[in-house]
Each structure stands twice: as C-alpha cells, then as structure tokens.
Amino acid sequence: MEQKIPTMAAMAAEGKEPEILFWVGCAGSFDERAQKITRDICKILQHVGMSYAVLGTEESCTGDPAKRAGNEFLFQMQAMTNIEVLNGYNIKKIVTGCPHCFNTIANEYPGLGGKYEVIHHTQLIQGLINEGKLKAEGGESFKGRRITFHDPCYLGRGNNIYEAPRAALEILDTELVEMKRCKSNGLCCGAGGAQMFKEPEPGKKDINMERMIDVLEAKAQIVASACPFCMTMMSDGVKHMDKDQEIKVLDIAEITVRANGL
Amino acid sequence: MVGQVIFIIILLAAAYLFGKNADKIRRNILLGRDVDRSDNSAARWKIMAKVALGQTKMVKRPVAAVMHFFIYVGFVIINLEVLEIVIDGIFGSHRIFAKPLGSLYGLLIGGFEILALLVLVSCVVFLARRNIIKLKRFSGTEMTAWPKSDANYILFIEILLMTAFLTMNAADHKLQLLHFGHYAAAGSFPVSDLLGPLLPANATTLATIERGCWWFHIIGILAFLNYLPYSKHFHILLAFPNVYYSNLEPKGEFSNTASVTNEVKAMLDPSFVPEATEVSRFGAKDVTDLTWKNLMEAYTCTECGRCTSVCPANITGKLLSPRKIMMDTRDRLNEVGNNMDKHGKDYTDNKTLLDNYITREELWACTTCNACVEACPVNINPLEIITEMRRYVVMEESQAPASLNNMFGNVENNGAPWKYSQADRFNWAEKE
C-alpha cells in the first residue's frame, strides 16, 4: 500500500478517533483473494480522504459462522469480547467488507450491548458517489462490457440492500444485466449458514454450479460480487466450467478502484 | 318448522364441533415457548393488511396469484350470501335480504354468481395443475398420499359447493318466472340462467332441486368448516394472525438466546448475577422447545411449496425441503396433542421432532439464505426451526459435523474460522 493502514491502537495512542472503523473480517484478513478487496476498500477510503482505522490484530471473528451453525455459546463469547474492544475505542460508525460481518454487528450485537452505525462497503461507495466524492474516471473503462450483480443473501434478503451495489455499477458506462434469479429472488452461492466450512450434504450438484446457469444465461463478462464467500464460490464455479478467461468475478470495491485508477 | 329445527341442530352441532377442534389447535400452539410479539401493533396491522389481506407476496407467481385471488375474494364475499342462507334457515324465510335491499340485492346476487363461476373455473385449473400438468412444486418427498388428497378434496369440495349454489339459483329463477309458491322475483342470475335449459320444466321438481341444492350447499359449507382443522386449508383462518405476529426485524437477524447470554456473562464476569429464567434445554429437540409462533406457522402452512422450490439445497438435490420442516412440525405437534388427550399431560412416547421426523442431514444442508422465508406468502419462517434444531444438536449434544467442530475450535482459539494465527491477522496490509 502507498499509505500505511492506520490501526485503532496507533490512533488511540495519539489521542485521535477516526470517523469510521473499517471492520475487515476473517476472509478479508486471511483469504488471499479477499485480502486484495480489503486493500481496495482502504484505497477508496484514502482516495476520498476519509479518516478511518482498522483493528488489525485486535479484530476477531464476529461469531457469524458459529451462530449460523448453532453454536450460540461461541457466538456470544465472540460478540461480547468484540463489543468490549469496540466500546473500549468508543467506536460509533463501522464499515464492513463482508455482508456476514455487517449483518451480525448491525443486527445481533445491539442486543448484547454493541450499538453502532454499521454500513457495508457497497453502501459506503454509494454514499460517496451520491456526495460526488467518487466518480468513475481516470481508470479502466468498462464500456460495453456486460456486468451482472450476484446478490449476497445477507445483504439482499437479509437486510434489503439491493440498490447500493447496483449504484456503484450504474455509474460505469456499461451494460448492467440482471440474472434470472436476482434481488429478493437471488440464488445463494452455497457458502452461507457455515456451509463454507464443511462439505455439502449429498445431492445432485453443488449450489455454485446451479448459480452458473444464471451467469451463463445472462451472458455476463463480469460477475460483480460484494461478499468474500460469494467471491470464492462464484470464482470456483467459473473455473470449474473453464470459463475463467471469458468471465471475471470482481468485487464492487475492485471495480470501483479500477474505474478510478486508484 | 321441522326443517328449521333440523337446520338449527345441524348449525349448532357444526359450530360446537368446530369450536372444539379449533380450541385443540389453540392449545397445541400454546405448548410452545413464549416469545413476545405484542409490540408495535401499528406496524403489525399494516403488514397484515398488506401481506394477508392484500396478498402482496402472491404476485411473484402471477397465474396462481390471479386464480387464488378469485377463490379468496369469492370465499369472503359469497359468505354474505351464506349469512342470508343461515338467517333463512333459522327463521324459515326465503331470500330475506331481497326486499330490504331492493335493486341492490339483484346486483349482489349477480356479483356472487360471477364470483362463483370464477371460483369454479379457478378450482378446475388448480386441479389440472396438480393432477394433469403435475407442476413440480406440488411433488416432493413430503407430498405423500394424504397431502396430495387433501389438496384435491379441498378443490373438489369447492367445485361441488359452487355448483350447488349456481344450480340452486337457476332453479329459483325458473320458479320465480313460473310465479310458483313463495318464489317471488328477486335477484339477477347472469351465470345460473345458462344452466336453466338443463333443468326440468316441472315446478315441483324444480322446487325439490332448489331445496336440495340449498340444503346441500349449507350442510356442505358446515362440513367443510369442520374439515378445516384436519386440513392444510386451515390457512384461510390462521394466515391473518400468523402475518400479524410476523417477525418485524431484518431477516438476517437471528435471535440471541437469552439463557446463553446469562451463562456467557457469568463466564466473562464472575460477579454477574443472572436474572432468574426458566431452566430449559438449549435449542429445539421437540416441538415443545419451539416458540408458539413457530407452532402457529406449522398450522398456517398450506403446503404450496414456494419455499421448497426456491431452496438452493433442495434445487441441487439435497434432502432438505423447507415445506417438509413445517409439515413435520405440524404432524409431530398433532401427535403430541393427541397423546395428551389419550394418555394425559405427562405422557411421553419417546419420539421427538429431531430424528423421528427431521433428520440431521436435512438440518445441515441449509445455507440460511432466507429464500424460503422470502418466498412464503404468509410469512412462515422454516429457517428459525432449522436454526433452533442446530442449536440443540450443537450445544446439547455436541454432535456438529467434524468439519464444523474444527471451525468452532479455530474461532475459539485463533479468532477466525480457519487455522491462521491471530498474530497474522494484519499481514494483508504488508502485501501488494
């Protein structure tokens, strides 16, 4: 990175409080593909000059996969420990790089004492576009390329956020096409509910391969995603069909960074 | 006079029997755990008006939506006619609303007839969709002989009732034109007049047909009312309270188990004194571990299969079917209720919803994507039941799949679902 990524600990040592905390998440921290998206979100924050910080090594799993898998104990242990850290830094506003972290912190932490204004990075991008701080210029042109957006369940159905990610695509001079199953009818990538961390139950095929039917039908050249787990599943699906030359899977943040040449 | 007495006896018996069976369902629902849905009544009335009364979630499937709307409106509005029939039955009158309503009566009867025809046609199309076209949505492992027959019985009974209603009107109108007995000119009959030529000309035979259809129609309706508690068709009543008591929070939000919060707080802070809560197991092993709302949903389900048809697990051939989750919950609850009636309150049959009805393979196939919840026209939430059962399997039995146990261990020890060190969590900032 050109600029150093500020941590909460360093900021607090200087007696400063950032405007927003960037909650990176486990995938964003460890998964190589998602790390790239994490760095792109930082580039956007730096580009618009927003004061932000990350927790760095003080961040821990939100507990989402434990909760969806039924381990409420582990979830609440994680939640309460995280809330202690967040409240300790007097955090008011959080942006997450993952719909699962977003849903958990926004909806499930308040009942356990963690009340913050939480947005997903696609909402951050939408807000910056609306404020005129973020455009699509100076970078790669997406003109004439067919882009489709795959709705992550915990952004779409889970929290009724359908427009924010599309707003980030609409400013590109591009052809935005919808898949047959989209928005509230969107088909899951197959990773949710802790499926990411286990083998699928016996069946006829894997869920990401079912989703590939919609991708091919939409004749999309770019599948835009907004979730690191969807990213894994969709990329695997495209690779499995030997289509990784024709179809690229990119996060909304990556597309924004490319379009602006950041 | 004899007719009136017989009518009143049948009416009271039907009302009593229905009340008794409906009360049994109410008792069964209240076997569930408590959950507070008494808040925000303004939003609740609004969602009920929109989703239950206005059927806004039906429109995703336009063909079914339009025909279901005909049957629904027909059912509700033709009940005005049933009110007249009941009053006529009790007082021995004939078309008692005709005089006071004047020309409006003709308009009403004409409207009822058009609705009756629409109901009839819709039921025939629905039967065809189920039995001739064989839509995939109406099959599946849980759609065994009884659920399939149940659906056909309902449609068949409605066809019979509408046919009786129209035949009755046709005979009545013919008698009116013959100025026979008490059949004074009343009403307009745009649909049943088409049946006129099929009926005999003889006045006494016509009167027998008219009376026969009148009795068949009203006894049919009362019998149908008493069929409801045994049928998926109970949705016509429970859809409204079920939507009223909907979860108003975002679908992504799963409840935080309060008893777990107490234990976790006590672990993190030894000085914490928890509020006294009822000691019960974590999660759900049997229907009585679910909330009354989950149980109400089980009785509200009309097995339409919209949930299962959008379930990613089901679409890709896994065992899970959200509709089966709801049907199993209802069937098990009926079994628990029947056991109570037969053997007393404390009887256990050593069966449970988990394993005897719902298998672990079904539970572990769910991606918690909320597609089933979104698809349900009456806001039923199969996902909540799946989650509660996972909670039981994990927290009471420690029987999660091995790979998930590894994930739990990683979250617990290094703060991430994968085996990476917490100390490496910020390494992404160093790369480019």
Side-chain angles (χ1 to χ4, degrees), chain A residues 1 4-5 7 24 26 28-30 35 38-39 42 54 56-57 59-61 63 65-74 76-78 80-81 103 107-108 111-112 153-154 157-160 184-185 187-188 190-207 209-210, chain B residues 60 249-254 256-257 260-261 263-265 267-268 282-283 310 312-313 315-320 361 364-371 373-374 387 389-395 400-401 403-404 406-408 411-412 415-418 420 422-429 431-432:
Chain A
M1 300 289 307
K4 215 170 142 22
I5 311 285
T7 62
V24 178
C26 298
S29 299
F30 293 115
Q35 284 178 340
T38 304
R39 287 191 292 268
C42 290
V54 299
T57 54
E59 193 186 273
S60 186
C61 173
K67 189 176 184 85
R68 310 303 139 188
N71 197 336
E72 184 68 11
F73 264 108
L74 182 53
Q76 293 202 12
M77 288 291 287
Q78 288 297 117
M80 284 189 211
T81 319
N103 174 69
N107 296 324
E108 291 158 0
L112 300 170
C153 302
Y154 278 85
R157 273 188 298 272
N159 288 287
N160 288 316
S184 64
N185 296 328
L187 182 75
C188 175
Q195 295 293 339
M196 186 73 191
F197 309 102
K198 65 187 269 297
E199 284 303 311
E201 298 304 309
K204 290 197 304 259
K205 63 165 141 176
D206 287 343
I207 293 169
M209 295 317 294
E210 171 73 20
Chain B
K60 273 192 179 174
E249 305 305 324
K251 288 190 194 68
E253 178 180 341
F254 287 23
N256 293 330
T257 311
V260 171
T261 311
E263 298 218 8
V264 172
K265 278 190 178 159
M267 275 166 77
L268 294 173
F282 295 123
V310 296
I315 291 170
T316 55
K318 276 85 174 172
L319 213 52
L320 175 63
E361 187 178 327
W364 292 119
C366 176
T367 68
T368 72
C369 77
N370 263 306
V373 185
E374 177 72 35
T387 307
M389 294 183 78
R390 280 185 175 185
R391 283 175 176 169
Y392 173 80
V393 171
V394 171
M395 292 192 286
S403 45
L404 289 186
N406 284 338
M407 181 266 284
F408 295 151
V411 171
E412 210 170 331
W418 300 286
Y420 292 112
Q422 177 95 35
D424 294 335
R425 202 178 171 100
F426 195 34
N427 291 359
W428 57 267
K431 300 184 194 170
E432 174 61 327

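By convention in this document, chain letters (A, B, ...) are assigned in the order of the sequence lines, proteins followed by strands, and residues within each chain are numbered from 1.
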When you compare the side chain of [Y] with that of [X], does any pair of heavy atoms fall below 4.5 Å?
X	Y	answer
B/Leu319	A/Glu201	no
A/Ser184	B/Lys60	yes
A/Phe73	B/Val394	no
A/Leu112	B/Thr261	yes
A/Lys67	B/Arg391	yes
A/Glu199	B/Ser403	no

Are any side-chain N or O atoms of A/Gln76 and backbone N or O atoms of B/Thr257, one a donor and one an acceptor, separated by less than 3.5 Å?
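Flag set: sc A/Gln76 to bb B/Thr257 pair under 3.5 Å.
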
Under the 3.5 angstrom rule, does the side chain of A/Gln195 hit a backbone N or O of B/Trp364 as a donor-acceptor pair?
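Yes; judged by distance alone, with no hydrogens or angles, the pair exists.
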
Using the side-chain contact (heavy atoms from CB on, under 4.5 Å) criterion, which residues pair with A/Thr81? Sequence neighbours excluded.
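A/Thr81: no side-chain contact (heavy atoms from CB on, under 4.5 Å) contacts found.
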
Checking B/Cys369 now: which residues fulfil side-chain contact (heavy atoms from CB on, under 4.5 Å) with it, not counting sequence neighbours?
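Once residues adjacent in sequence are excluded, the partners of B/Cys369 under the side-chain contact (heavy atoms from CB on, under 4.5 Å) criterion are A/Cys153, A/Arg157, A/Cys188, B/Pro312, B/Thr367, B/Ala371.
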
With a 4.5 angstrom heavy-atom cut-off, is it the side chain or the backbone of [X] that approaches chain B, or both, or neither?
X	answer
A/Glu108	both
A/Glu59	both
A/Ile207	both
A/Asn71	both

Winner by heavy-atom pair count (cut-off under 4.5 Å) against chain A, out of B/Phe282, B/Phe254, B/Phe426
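Among B/Phe282, B/Phe254, B/Phe426, the one with the most close pairs to chain A is B/Phe254.
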
Chain A interface, residue from B/Lys265, B/Met267, B/Met407 that has the most non-hydrogen pairs under 4.5 Å:
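Counting heavy-atom pairs under 4.5 Å, the top option is B/Met407.
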
Gap between atom [atom2] of [Y] and atom [atom1] of [X] - 0.5 Å precision:
X	Y	atom1	atom2	answer
B/Ile315	A/Lys204	CD1	NZ	9.5 Å
B/Arg425	A/Cys61	CZ	SG	7.5 Å
A/Met209	B/Thr316	CE	OG1	12.0 Å
A/Ile5	B/Trp428	CD1	CH2	4.5 Å

Go through the steps to decide whether A/Asn160 and B/Lys251 satisfy the test side chain to side chain donor-acceptor pair (under 3.5 Å), and finish with yes or no.
CA-CA 9 Å; A/Asn160 288 316; B/Lys251 288 190 194 68; 5.0 Å; no

Against chain A, label [X] side chain, backbone, both or neither, depending on which of its atoms sit under 4.5 Å from a heavy atom there.
X	value
B/Asp424	both
B/Leu268	side chain
B/Tyr392	neither
B/Ala400	neither
B/Met389	neither

Which atom names give the shortest non-hydrogen contact between [X] and [Y], and what distance separates them?
X	Y	answer
A/Tyr154	B/Thr368	OH-OG1, 2.6 Å
A/Asn107	B/Pro250	OD1-CG, 3.6 Å
A/Ser60	B/Gln422	OG-OE1, 4.3 Å

Aromatic rings B/Tyr420 and A/Phe30: how do their planes relate, parallel, tilted or perpendicular, breaks at 30° and 60°?
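Rings of B/Tyr420 and A/Phe30: parallel, under 30°.
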
So, do A/Phe197 and B/Trp418 have ring centers that fall under 6.0 Å from each other?
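Yes, the ring of A/Phe197 comes within the 6.0 Å limit of the ring of B/Trp418, centre to centre.
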
Counting heavy-atom pairs closer than 4.5 Å to chain B, which one of A/Lys205, A/Glu72, A/Lys198, A/Glu210 comes out on top?
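The candidate making the most pairs under 4.5 Å is A/Glu72.
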
Determine the option with the most heavy-atom pairs under 4.5 angstrom with chain B, choosing from A/Gly203, A/Ala69, A/Gly56, A/Gly111.
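Most heavy-atom pairs within the cutoff with chain B belong to A/Ala69.
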
